[in-house]
Each structure stands twice: as C-alpha cells, then as structure tokens.
**Student:** 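Quick one: the structure is below, and I'll ask about it shortly.
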Amino acid sequence: MTPVLDPSSFSSVSKCATKHLNLIYHVEFDRRVLKGKVALTVEVLEDKLSSLVQFSFDPSKLSLCLLDLITSPHIHIYVGQHVIVEIEYETSPSATALQWLTPTQTAGKKHPYLFSQCQATHCRTMIPCQDSPSVKHTYYAQVSVPRELVALMSALHDGQEPDPSDSSRVIYRFRQPVSVTEIGPRSRVWSEKEYVDEAAFEFSETESMLKTAESLAGPYVWGQYDVLVLPPSFPYGGMENPCLTFVTPTVLAGDRSLAGVIAHEISHSWTGNLVTNRTWEGIFWLNEGHTVYIERMIARCMASEQLRQFKGIGGWKELQESVKQFGANNVLTNLVPNLHEVDTDEAFSSVPYEKGFALLYHLEELLGGPEVFMGFVKSYIQLFAYGTVTTEEWKNYLFTYFKDKMDILNKVDWNAWMHTPGMAPVKPQYDTTMADACTALCQRWVKAKEEDLASFTEADVKKLNSPQLIEFMALLLQEEPLPLSHVKKMQEVYQLNSVKNAEVRFRWLRICVKAHWEEAVPLALKMATEQGRMKFTRPLFKEVYNFSKYSDEAVKTFKENRGALHPVTAMMVVKDLKING
C-alpha cells in the first residue's frame, strides 16, 4: 500500500492505525456537550515506536489536545503490537461536528434534537481519533440520553436499558462490525413524527434500489439500511453513514421525484463506505464520481437509459455552475486538487461528482459500453473492499482490467482530466430525448416578446415531469435574466410559487430575484432560512445579496437566523456575503 500522507490531518497514519473504538457518551442538552470516554485499540505500524502522535485535535474546539500519549524513552512498541488508549473527555459547545437544536427548531416543538455531521474533517471535534479516511475501524458505542428521546448511530442496534446512574435516562447500545417505520425487509425510516408518513411514501422504493444496486455492484454487506430524516438545518442532501443514511427533509417532494438522493446514498454503501478514498486530497472523486456512476446505473435499470442520459445532462450543468463559481483557472476545479492549507469545506463542490462521472462515462464509451464498464466497477469494488484507495491505484487497476485495450487507454489525456482546472476536456454527447422539451420551452421564453406572452399556458409545464421541470429551470438560469414582465407571466400561468418540490422552488426563486422581482425577495430569504441545505441556502443568499437594493437585507436576515443554521453552512454564508467577524 502507498504510504499515507494526509494534509487534512495531523494524525500519524503511517506510524499507527486505529483498529477498534469503544465509545461511551453522555449527552447533555443543557450544556450542549458530550461527556465521553473512548478506548482506542491502536496497531503499531513502525518498529520501536515510543510516541503515539496520532490524534488530530483542534484544542480550540475540544477541551483537550492529545498529541503525545506515550513519550517515555523506555517504552518501545513494535510493529504488529496493539495498544489500548483510554481517554475521558468533553466536547466543546462549539464543536463543529455537532448541531444542537432547541425544541422550537424542530417540527414537533417539544424536545431538543442533536445530530452529528463529520465529513470532511469535523469528527476530531467530537471524538479523539485519527481523523483521516485512510483509517477504517470497527466500533461499539453506548449512548445515554433523556428517556423521552431515541438515540441512533451508523451501526446495528444492540439493545437498550435504563441508565443505572440516572433513572430519567436510557442507554442505547450499538455495534458496527464492518470497518467503517418499516419501508422494506432491511430498512426503516426514522424521523420526527411530523415527517414519518411522508417519508415512508417517498422512500418506498428503497428495497428495489438496494436489490438493483446489489445486481450491479455485489452484495450489500452492512445488514440494515435505515433512513433518518433530519431537521431542516442539515447542510447536505444526504450523508452515507453505514446502516443509517441521513437525509434532508427537502427531498420530501410528495411524488418520489427526488428519490435519486436515496439512490446516491445507497450507492455509497459500495463506493465511499466499502471502498474509501485514502485522503481527502485529490481522490475524493473516487468516492463521488463512482457513486454518481452507480446511482445513474440504478436509474437505468429501474427506469430507462434515457433517464440516465438526462441525469448526465443535468450533472454537466451543475459542473458548469461550480466551475463558474470557482473560476475556470482555480485548481479546486481539478479532478485531483492540491488541498495543502485548504479548508476541505471550502473545496466542496460538484466537481468531484460530475467531473468524476464525466470521466467514467467517457471511459465507458471508449471501452465497450455500460455493461462492460460496470463490470470493471464491480471488480474494482471487490478488489479494494474494506480498504482505501488512491487515484494511482485505481488507474493501475483500470489498465490491468482492460489490458487488451491499452492502446485506447494510452490515448486518454489523463493530465487534462486529472490535473487541469476548468471543465472536463471531453463533453459527453448525451441522448437529448428527455431534454428537448425543456430546451424548447426555455427558448420560447428567452425569445418571447411582450406580444408573445399570451401564448404561454399551464399546459406547457403539465407535459413535463418533475425532473424535466427542474431542467427547464436550470436552463433558464444559464440565460441572461428574463424581463420582469416575463417572470410575472410565468407565475401567472404556471403558479410556481405553490410548487412544493424544493429543487424546482429553489431555481424558480433564483430566476425571480435575478429578474429583480422585489416580491420574490422575502420568499427567497424565507427558503434560505427555513432549511439549511447548502445547495439551496448559499445560492439564495448570494442571489439576494447581488440584488444591490437588498444586499443589506440579505446580511441582516442571515445574522438574525445564523443560530439556526449548521456551523458549516453559517461559515460558508459568511464568506459568500463578505461578512467580517
């Protein structure tokens, strides 16, 4: 295995590796802290090691900094030996991995709520650990919470019992033996009761997706696949915690049209959780590019190849938007970027997802089509299962698997794909069958004169399904802002203000604000603050901020609602709105 150098972690991952973690948590909502005790089983990888300099803590974020746990010159630990390190600690109320919600910030308004979000480098603020994706380990956990609450973890439930030290509390136990309301035979949906029925309907195809993914990528090794619908402040669409996928309530569209989020997180069970990028630097695309590829193969199997192609078209637009946001010469638009002294949260974008998918789709076309290339992806997963991988190792295996097609692979401009900023060097030629109606309607609006507005009717969008309506909106956002009269007419005939689908509503409100429709500003700010998904919140705030008349209103609204947003979301909006302090 290639020696690990992780610029996003201080942990000595080349000298020692955590193999198991035994965790005891006492959740204190009043103080907003976790009182913890952790026992780490650490394997020594370097002979005569006398110092474990392995824990990547930020002392400003946690109550202690552990760097030299064993420093005696008389103690020598040899390769292959295991050391158990026990630590008692307490998190900081400002730990960035944790978001504490008051009862008023929840749907039920009765009880407090806590969730963790560790990707990419926030786990170190809640657990003393080697916070690098190169380190994969099993764990066992006990979590004490007030008895009216339920604890869930990315692991298998191992029972519960009254807390012997406090009769008002319950201890939940969990085990994760794999390194790292019933909606199916191995799936349940968890949420506040206000979301349960809606979520059960929305995710009713979970088992079909799991079976389809297994037919593509191999057995699902994690046992249970549950879905937890988090409060609206959750900053991402979903998060692939093993056994327990986190999702945002913004995917509850009422028509299963946004179930692609679940397909994506299910796909992570193979690429991300089973096979993991060794560090965040330069190889995050191995997680996300392959996951998008499998997600769209699921769509192909469950629906049609046309749908897969259509999703590819939408993904290309998302890549264009990210490249425009960063700048075409920004190294963060490289598929393999350099992250030295770069905050991984600031580097997050659609680039590893969509540039990664574009590369895999390009290789698929060169090497024999989807069935042939999916055969490689499945073999790659089997080879690196339960481990971590680098881009170089992936590429070497690609050349080994397709050894009879070396001449084709040698003609690929690998430097342009991997190490050159901007858009992918080859634009895929997707089937536009599903996109043609979206493009035609978009161009009708773009080219329409005032006298043409009467020709638009509700029937225009009745012909489109939800993904096509999203694509229509995305196309309009790539054009120059529409005249205000056009946007008002669009609302009159399509009634878009009443659409529940968050992906549609988000794009529609951006179109309105770009057209300087003042009535849309409070609606945009309301959506930016009533949920905290960064995909929606950041662009909506930026759109209002760029409407010069309302720049101050955008800043004021953010400051008033900052406490309800996840720390990562708030940090990024501060930068977007150029707020000092």
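Every heavy atom of this structure was used, including side-chain atoms; hydrogens, water molecules and symmetry mates were not.
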**Student:** Would you call the rings of Tyr397 and Phe384 parallel, tilted or perpendicular if under 30° counts as parallel and over 60° as perpendicular?
**Tutor:** perpendicular

**Student:** Hey, can you tell me if Phe536 and Phe506 have their rings parallel, tilted or perpendicular (30° and 60° cut-offs)?
**Tutor:** tilted

**Student:** With a 6.0 Å cut-off (strictly less than), is the heavy-atom count around NZ of Lys535, excluding the residue itself, greater than 12?
**Tutor:** yes

**Student:** Determine whether the aromatic ring centres of Trp417 and Trp285 lie less than 6.0 Å apart.
**Tutor:** no

**Student:** Would you say Trp190's side chain and Leu230's backbone share a donor-acceptor pair under 3.5 angstrom?
**Tutor:** no

**Student:** Can Asn277 and Thr391 be said to form a side chain to side chain contact (heavy atoms under 4.5 Å, CB included), step by step?
**Tutor:** CA-CA 8 Å; Asn277 49 254; Thr391 296; over 6 Å; no

**Student:** For the side chain of Ser322 and the backbone of Thr333, is there at least one donor-acceptor N/O pair under 3.5 Å apart?
**Tutor:** no

**Student:** Looking at Trp316, Phe310, Tyr361, which one forms a ring pair (Phe, Tyr, Trp, His ring centres under 6.0 Å) with Tyr430?
**Tutor:** Tyr361

**Student:** May I ask you to test the Leu252-Tyr195 pair for a side-chain heavy-atom distance under 4.5 Å?
**Tutor:** yes

**Student:** Within the structure provided, determine whether His566 and Met534 are in side-chain contact (heavy-atom separation under 4.5 Å).
**Tutor:** no

**Student:** If you apply the rule side chain to side chain contact (heavy atoms under 4.5 Å, CB included), what do you find for Thr439 with Thr432, and how did you get there?
**Tutor:** CA-CA 9 Å; Thr439 304; Thr432 62; over 6 Å; no

**Student:** Less than 4.0 Å between a side-chain N and a carboxylate O, is that true for Arg308 and Glu364?
**Tutor:** yes

**Student:** Could you check Lys317, Arg296, Lys311 and say which one makes a salt bridge (Lys or Arg N to Asp or Glu O under 4.0 Å) with Glu354?
**Tutor:** Arg296

**Student:** Start with the C-alpha gap between Ile313 and Gln309, add the side-chain angles, then the distance that decides, and say whether side chain to side chain contact (heavy atoms under 4.5 Å, CB included) holds.
**Tutor:** CA-CA 6 Å; Ile313 292 171; Gln309 298 280 318; 5.6 Å; no

**Student:** For the pair Tyr225 and Tyr220, name the ring-plane relationship: parallel under 30°, tilted 30 to 60°, perpendicular over 60°.
**Tutor:** perpendicular

**Student:** Specify whether Phe246 and Phe234 have parallel, tilted or perpendicular ring planes, treating 30° as the upper limit for parallel and 60° as the lower limit for perpendicular.
**Tutor:** perpendicular

**Student:** Under 4.5 Å between any side-chain heavy atoms of Leu244 and Met153, yes or no?
**Tutor:** no

**Student:** Show, in sequence, the C-alpha distance, side-chain angles and deciding distance for Leu228 and Phe115, and conclude whether the side chain to side chain contact (heavy atoms under 4.5 Å, CB included) test is met.
**Tutor:** CA-CA 10 Å; Leu228 171 64; Phe115 69 87; 5.9 Å; no

**Student:** Using modelled atom types only, decide if a donor and an acceptor are shared between the side chain of Ser304 and the backbone of Arg300 within a distance under 3.5 Å.
**Tutor:** no

**Student:** Decide salt bridge (charged side-chain N to carboxylate O under 4.0 Å, His left out) for Arg278 and Glu392; before the verdict, give the C-alpha distance in whole Å, the side-chain angles of both, and the deciding distance to 0.1 Å.
**Tutor:** CA-CA 11 Å; Arg278 193 159 300 153; Glu392 182 181 6; over 6 Å; no

**Student:** Verify, without hydrogens or angle tests, whether Thr390 (side chain) and Glu393 (backbone) share a donor-acceptor contact under 3.5 angstrom.
**Tutor:** yes

**Student:** Taking side chain as C-beta onward, heavy atoms only, is Leu441 less than 4.5 Å from Arg444?
**Tutor:** yes

**Student:** Taking all atoms of both residues into account, what is the closest heavy-atom pair of Leu360 and Phe373, and its distance?
**Tutor:** O-CE2, 3.8 Å

**Student:** For Gln531, run the side chain to side chain donor-acceptor pair (under 3.5 Å) check against Thr248, Thr537, Thr250 and tell me which one passes.
**Tutor:** Thr537

**Student:** Between the side chain of Lys405 and the main-chain N/O of Leu367, is any donor-acceptor distance below 3.5 Å?
**Tutor:** yes

**Student:** Quick one: which residue pairs count as a salt bridge (Lys or Arg N to Asp or Glu O under 4.0 Å) with a foot in residues 217-229, not counting sequence neighbours?
**Tutor:** Arg188-Asp226

**Student:** Between His264 and His268, what is the ring plane arrangement, given parallel below 30°, perpendicular above 60°, and tilted in between?
**Tutor:** perpendicular

**Student:** Side chain of Gln224, backbone of Trp222: donor and acceptor closer than 3.5 Å?
**Tutor:** no

**Student:** State plainly whether the residues Arg510 and Glu321 are in salt-bridge range, i.e. N to O under 4.0 Å.
**Tutor:** yes

**Student:** Taking the side chain as every heavy atom from C-beta outward, state whether Leu319 and Phe357 have any atom pair closer than 4.5 Å.
**Tutor:** no

**Student:** Does any non-hydrogen side-chain atom of Asn287 lie less than 4.5 Å from one of Thr271?
**Tutor:** no

**Student:** Below 4.5 Å, heavy atoms only, C-beta onward: do Met418 and Asn334 meet side chain to side chain?
**Tutor:** no

**Student:** Please examine the side chains of Leu156 and Cys243, heavy atoms only from C-beta on, and report whether any two atoms are closer than 4.5 Å.
**Tutor:** yes

**Student:** Should the pair Phe174 and His157 be assigned to parallel (<30°), tilted (30 to 60°) or perpendicular (>60°) ring geometry?
**Tutor:** perpendicular

**Student:** Let's go through Ser233 and Gln99 carefully: what are the C-alpha distance in whole Å and the side-chain angles of both, what is the deciding distance for side chain to side chain donor-acceptor pair (under 3.5 Å) to 0.1 Å, and is it a yes or a no?
**Tutor:** CA-CA 9 Å; Ser233 60; Gln99 184 169 19; 2.9 Å; yes

**Student:** Can we say Glu503 and Arg533 salt-bridge, meaning some charged N sits less than 4.0 Å from an Asp/Glu carboxylate O?
**Tutor:** yes

**Student:** Tell me if a side-chain donor or acceptor on Thr245 pairs with a main-chain N or O of Glu265 at a distance below 3.5 Å.
**Tutor:** no

**Student:** Closer than 3.5 angstrom, by distance alone: can the side chain of Ser379 be matched with the main-chain N or O of Gly375 as a donor-acceptor pair?
**Tutor:** no

**Student:** Minimum heavy-atom separation for Arg505 and Val499, please, with both atom names.
**Tutor:** CD-O, 3.8 Å

**Student:** Is the backbone of Thr212 close enough, under 3.5 Å, to the side chain of Ser215 for a donor and an acceptor to pair up by distance?
**Tutor:** yes

**Student:** So, Gln478 side chain and Leu475 main chain: donor-acceptor pair closer than 3.5 Å or not?
**Tutor:** no

